[in-house]
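Everything on this sheet refers to the single structure shown next.
Counting starts at 1 for both ligands and their atoms, following the listed order. Note that the structure is a prediction, hence the values are computed from the model and not measured.
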Amino acid sequence: MPVVKRVPSTGAAPQIGIVHLGLGAFHRAHQAVYLQRHLNRRGESDWGLCSANLRSNRTLVDQLRGQDGRYHVAEFRDREQVTLREIGVLRQALYVGEGGHDLELLLQRMAEPQTRIVTLTVTEKGYCLSPSSGQLRSEDPLIAHDLAHPQAPRSAPGIVLEALRRRRTAGIPPFTVLCCDNMPDNGQRTRQAVSALAALQDERLARWIEQQVAFPSCMVDRIVPAMDGESFRRLEQLDCHDPAAVVCESFSQWVIEDHFPLGRPDWEVEGVQMVKDVRPFETMKLRMLNGSHSLLAYVGLLAGHESVFDAVSDANLARLFERYMAEEAAPTLDMPAGIDLSLYARDLKARFANDSLQHRLRQIAMDGSQKLPQRWLLGARQLLDQGRGIGCTALGIAAWIHYCTRPLPGHPMHVIDDPLSATFADLAGRFDGASLVEAFLDLDEVFPAALSERPAFREAVQGAYGALIRDGIDSFLQTFVAPN
Ligand code: CS2
């Protein structure tokens with residue numbers, strides 16, 4: 001049995017000061033924990049949360065309401081040591097998805113003067129931007145809906161925009177918008193989504209947003225697997241019978257650009273790094289951590305593994321991801337003094353080897369079309385410019401194409417969860433072998449022309465895909481990672 005440190009929620013019920021869009025496991029285990037520590041330290045706070053689920057999981061919202069917004073976060077250092085925190089900062093939980101009637105409540109809450117910050121974790125695709133160019137996809141069905149019904153929006157940018165419109169009309173200064181999703185320049189991207197949507201509706205509102213609204217960027221980091229039967233069994237062993245609980249690692253990091261015109265919690269006391277420029281941290285995390293995750297996911301799934309722990313326990317895969325970090329991620333990073341990338345890589349290895357977390361590779365593999373550009377492709381361009389090899393990245397892309405188009409060992413009902421899944425199925429039906437790879441690399445939603453037009457890039461991916469099909473993943477990997 002592990003040693004459990006229990007940390008109750010203390011202090012008075014906080015006033016709501018932050019509205020969050022995207023009430024998923026990550027939000028509950030990351031941002032809410034920082035706000036809870038703030039409350040426990042001070043005994044009172046006016047930075048309580050109103051959090052809304054925009055799509056799935058009405059059950060979770062009902063459960064949270066039934067327990068007055070209280071839930072638990074189990075932070076596993078390893079099998080031996082766990083911290084079980086009670087969270088009491090979530091003051092209101094709303095459901096805005098299919099059949100949800102809380103949209104008006106949410107918009108009213110966002111328009112209130114005491115709401116000073118709006119945060120988002122709606123995943124990469126929730127911003128309705130093209131992954132490769134970062135431009136608003138005006139053909140996206142959610143955006144088309146919001147253009148037709150601006151006052152009853154369904155997309156995250158549409159909801160933020162409508163709330164800002166109401167504040168402007170009422171003469172209330174705008175809240176600060178803080179994106180907490182894994183995208184490069186995530187503040188700028190969120191601004192782009194909201195401003196572009198505004199420009200299609202009301203030029204003056206668009207100008208006001210441009211001039212008045214702050215969209216700081218931030219880098220968030222904590223491994224929070226989706227909850228499954230196994231995680232709930234773990235919790236029962238800790239005598240925690242909370243259907244809204246989350247399991248995560250003990251590591252947590254948050255680096256935020258310090259630009260909050262209406263104020264913010266004194267997060268730095270809780271260990272949040274408040275900085276002028278988040279970009280180096282964000283790029284480091286996207287390419288080292290998330291890039292390795294995606295590599296382990298696609299290659300690991302083809303090799304028959306289920307979780308990140310299984311994948312890094314395979315000596316060849318462990319060597320592959322170490323080599324990716326050292327040779328294809330780190331050389332593209334330009335870090336401020338004091339950040340040691342080899343130390344960062346060593347810590348990542350230890351985090352991935354945490355066997356208390358059942359972090360499913362299939363969870364990481366979803367939405368690849370949205371994730372690849374920032375995790376691998378921007379870096380691959382730099383590597384080619386520097387005259388370096390892109391062997392691991394090319395193998396990752398080949399494994400991704402394989403994953404998207406062929407049956408998966410051990411998963412006969414394998415379904416691709418990606419906004420482009422219909423396109424992948426179409427390509428798989430029409431092409432094969434090298435022509436299938438060509439068709440994938442021509443997807444300009446994913447691959448920017450500046451990369452896909454480079455012969456060295458195409459050759460590397462073609463080479464990896466050909467070898468993968470010819471030799472099979474195990475023998476290919478064996479040769480690939482063998483010392484020269
Ligand atoms: C993962 C991330 O699912 C994924 O794509 O790479 O959710 C990862 O676990 C987090 O970014 C860690 O901070």
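Near H359, meaning under 4.0 Å from any of its heavy atoms, are these atoms of ligand 1: 9 (O).
Ligand 1 has a nitrogen or oxygen under 3.5 angstrom from a nitrogen or oxygen of N290.
For atom 11 (O) of ligand 1, the nearest non-hydrogen atom of the protein is K285 NZ, 2.6 Å. Among protein heavy atoms, atom 7 (O) of ligand 1 sits closest to N182 ND2, 4.4 Å. Of all protein heavy atoms, the one lying nearest to atom 13 (O) of ligand 1 is D221 OD1, 2.6 Å. Looking only at heavy atoms of the protein, atom 6 (O) of ligand 1 is closest to H293 ND1, 2.8 Å.
If you check each of Q370, Q363, K371 against atom 4 (C) of ligand 1, the one with the closest non-hydrogen atom is K371.
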Please determine whether side chain to side chain contact (heavy atoms under 4.5 Å, CB included) holds for the pair L289 and Y344, giving the CA-CA distance in whole Å, both sets of side-chain angles, and the decisive distance to 0.1 Å.
CA-CA 9 Å; L289 188 158; Y344 186 76; 4.2 Å; yes
As a quick check of understanding, evaluate salt bridge (Lys or Arg N to Asp or Glu O under 4.0 Å) for E282 and R279, giving each step before the final call.
CA-CA 5 Å; E282 183 73 58; R279 273 172 300 185; over 6 Å; no
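For the pair R222 and W254, the cation-pi criterion (under 6.0 Å, within 45° of the ring axis) is not fulfilled. With a 6.0 Å cutoff to the six-membered ring centre and a 45° limit on the axis angle, R351 counts as a cation-pi contact of F251.
Aromatic ring orientation, H27 versus H20: parallel (interplanar angle below 30°, classes split at 30° and 60°).
The residues D385 and R454 are annotated as salt-bridged, a charged nitrogen and a carboxylate oxygen being separated by less than 4.0 angstrom.
Residue contacts with ligand 1 leave out R360, since none of its heavy atoms falls under 4.0 Å from the ligand.
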